Amino acid sequence: MKYWSKYFIPTLKESPADAEIASHRLLVRAGLVRKLGGGLYTYMPLGLKVMSKLEQICREEMERAGAIELQMPHLHPVEFWEKGPRWSAARQIMYRADHAGAGKRPPQEPEFVLGPTHEEIITPLIQSEITSYRDLPKNFFQIATKFRNEIRPRFGLMRAREFVMKDAYSFDVDDAGAGRSYQSMKTAYERFFARAGLKTIAVEADTGVMGGSASHEFMVPAEVGDDDVVYGEKSGYSANREKATSGIVPKDLVDQAPEGTLEKFSTPGVVTIASLENAPHSVPADKQFKTLVYVGDGKVFLVILRGCDELEEAKLGSLGFTLFRPATPEEILPLLGANPGSLGAVKNTFKDRSGIDGIYADHAIRLIGNGVTGANSDGFHFKHVNITRDLDITRFGDFRRVKAGEPDPQSGEPLKIERAIEVGHVFKLGTKYSEKFNAIYTDDQKQSHFIVMGCYGIGISRTLQACIEQKHDADGILWPWAIAPFQVLVCLLDPTVPEALQWAETLGKAAEAAGADVLIDDRAERPGVKFKDADLIGIPLRITIGGKGLKEGIIELKWRSEKEVHKIALTEASSRIAEAITKAQAASRIE
RNA sequence: CGGGGUGUAGCUUAGCCUGGUAGAGCGCCUGGUUUGGGACCAGGAGGUCGUAGGUUCGAAUCCUAUCGCCCCGACCA
């Protein structure tokens with residue numbers, strides 16, 4: 001039981017100028033956090049309480065799933081990262097750490113980095129500690145601060161430079177075991193978010209730099225999210241847009257036969273899909289081949305799409321490159337022989353075909369059949385281009401970005417797309433890390449194998465903000481019971497009246513005995529101020545004790561999420577409060 | 001990294017274009033009146049106008065540089 005006058009909840013009437021979205025404004029206004037710098041926040045007492053509750057629920061669910069808690073260093077000797085499989089990509093987001101007190105400037109390369117995650121740390125640990133199948137499977141987790149040099153921190157805790165994350169790592173003898181670990185983590189995640197009162201959807205996701213064979217993200221639908229989720233309402237299909245496919249190419253599609261002979265024609269000044277659509281050429285975008293040039297790990301490759309489609313860059317990850325970028329005109333000209341706008345992949349039109357590593361075509365271009373593409377000669381295009389006869393294609397793949405309304409790949413119903421916040425991510429890693437760190441075990445046949453890994457993250461601090469984003473109204477936050485900083489607020493309107501204070505303490509104790517976290521607002525403030533603050537900080541259950549009510553022998557009970565005020569006789573107040581608390585606890589429990 | 005914006009009291013901001021004593025609201029302090037949905041009156045404290053240069057008799061205001069922050073994009077586990 002805490003007394004507001006002795007506690008510290010600095011609420012604000014006005015929003016700070018730098019907070020754009022509702023959850024960010026409420027975080028600050030309700031006194032949950034204060035900013036130190038871009039993407040850096042102090043958790044104020046109330047914010048810390050919510051964080052602790054989220055952490056505790058997370059801890060319980062991890063342990064329930066058999067994971068074991070440990071704590072790894074935040075400061076990592078850089079060698080561990082250099083030895084790992086993703087140093088070149090991962091270093092982009094890492095903060096380097098050197099001895100600030102040293103007399104000389106830091107050397108070219110950092111001695112330490114601040115941990116953005118811990119695969120490179122836990123794998124060597126397991127390598128030295130686990131050598132037998134008898135010690136497997138194992139799953140370790142920690143709840144710790146992570147450091148990432150986000151290119152653009154934004155929206156408060158949503159994308160911060162320093163944030164709290166629960167990360168877990170599973171180690172199994174084989175793929176089947178890893179699959180079970182993955183499944184049990186997925187279940188634990190569903191339970192965690194449900195207990196936290198947050199509605200999430202699990203979607204298929206891209207594995208990105210992390211690598212691995214399968215991955216799901218836990219998403220909170222919200223307009224302010226950074227990701228797009230693609231889903232079919234009836235089929236249950238759902239995927240991150242980076243990963244999503246659609247059934248736009250029928251499975252039984254038969255490639256069209258050539259129509260007419262390949263013909264080069266003059267297109268002076270036509271360097272965009274749109275301009276080729278205009279008269280006099282009038283070629284619809286879905287009859288054009290779009291040719292993009294990329295550089296992946298130093299190698300140049302081409303991607304061919306329909307003119308009306310867009311490249312989903314994340315899908316290029318399937319080509320095996322770790323870092324890629326669009327090629328510059330200077331790189332393109334000597335290889336293709338033309339500038340962007342006149343590029344194509346018709347056989348034998350390249351200036352230097354040997355300099356091109358591969359030509360990858362999106363499946364959807366098969367819908368074009370015969371179309372138009374650049375001639376690799378500035379100011380010229382080809383018409384009557386047939387995919388099988390004319391194009392130089394290394395292989396087909398899925399590279400296009402899915403659009404809303406396209407058929408669901410499974411059921412054919414129109415797909416929907418919504419913005420969402422990623423709050424959790426599970427990966428099947430396979431042996432990518434264990435191979436690099438030589439994490440092997442010996443089986444009962446005396447055979448050595450690489451340990452099969454999985455990794456699992458929950459953004460705890462991001463989940464906190466996502467809860468606010470999902471549960472708020474014009475007046476403030478509506479905390480779910482399980483993670484509310486306090487569950488019961490005793491709103492004492494006349495703190496100077498001894499009898500009122502007495503009742504506040506009595507009822508507060510009754511609520512506490514029933515299992516609630518109790519805050520008593522005993523400040524010498526006017527009632528209006530107290531009610532506004534109560535709504536703002538969003539305590540689920542409010543008990544109001546006022547001088548007038550006391551004279552009539554009543555107090556009031558009000559849920560933050562409801563409008564009605566329940567008047568309760570003092571004589572039965574304690575039991576009615578205990579009842580309400582029991583009800584709320586039951587509602588927030590899951591099986 | 002590219003584009004745009006912004007920096008004035010703890011918070012929200014006016015003033016800047018057109019140079020001449022830095023203003024308001026909230027919050028804070030004192031006193032009084034109030035007391036069921038962000039009260040009122042009176043008095044008060046609090047600002048190197050982000051920083052550094054420059055122009056000028058004189059700079060919050062004009063110029064240059066620099067730093068921070070915000071937005072859009074790119075990027076992103």
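Because only heavy atoms are used, hydrogens play no part in the values below, and waters and symmetry mates are left out as well, while side chains stay in. Keep in mind that what you see is a predicted model, and the values were worked out from it rather than measured. In what follows, every chain begins at residue 1, and chains take the letters A, B, ... in the order their sequences are listed.
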Revision key, fill the gap. Looking only at heavy atoms, the pair that brings A:Arg25 and A:Ser15 closest together is CD-OG, 3.2 Å
Remember a base hit wins even if backbone is also touched, and classify [X] as base, sugar-phosphate or nothing at under 4.0 Å, heavy atoms.
X	answer
A:Glu313	sugar-phosphate
A:Gly457	nothing
A:Arg542	base

Nearest listed nucleotide, side chain of [X], among [options]:
X	options	result
A:Asp18	B:G38, B:A39, B:C70	B:C70
A:Arg29	B:G38, B:U12, B:G36	B:G38
A:Phe531	B:A77, B:G38, B:G36	B:G36
A:Arg159	B:C69, B:U13, B:C76	B:C76
A:Ala17	B:U13, B:A77, B:C75	B:U13

For the pair made of [atom1] in [X] and [atom2] in [N], what is the distance, rounded to whole Å?
X	N	atom1	atom2	value
A:Glu14	B:A24	CD	C1'	12 Å
A:Leu489	B:G37	CG	C1'	14 Å
A:Lys532	B:A39	NZ	C1'	14 Å

Check your understanding: Quick one: CG on A:Asp172 to CG on A:Asn139, what's the gap to the nearest 0.5 Å?
Key -> 8.5 Å
Check your understanding: Would one find a side-chain N or O of A:Arg152 under 4.0 angstrom from OP1 or OP2 of B:C71?
Key -> yes
Check your understanding: Is there a side-chain polar atom (N or O) of A:Lys13 under 4.0 Å from OP1 or OP2 of B:C26?
Key -> no
Review point. For A:Ala89, does its backbone N or O pair with a side-chain atom of A:Gln92 as donor and acceptor, under 3.5 Å?
Key: no
Exercise for review: Between B:U18 and B:U61, how far apart are the C1' atoms? Round to whole Å, please.
Suggested key: 10 Å
Practice item. May I have the step-by-step check of salt bridge (Lys or Arg N to Asp or Glu O under 4.0 Å) for A:Lys166 and A:Glu61, ending in yes or no? Key: CA-CA 11 Å; A:Lys166 184 285 306 175; A:Glu61 290 305 325; over 6 Å; no
Check your understanding: How about A:Leu292 and A:Pro326: do any of their side-chain heavy atoms sit closer than 4.5 Å?
Key -> no
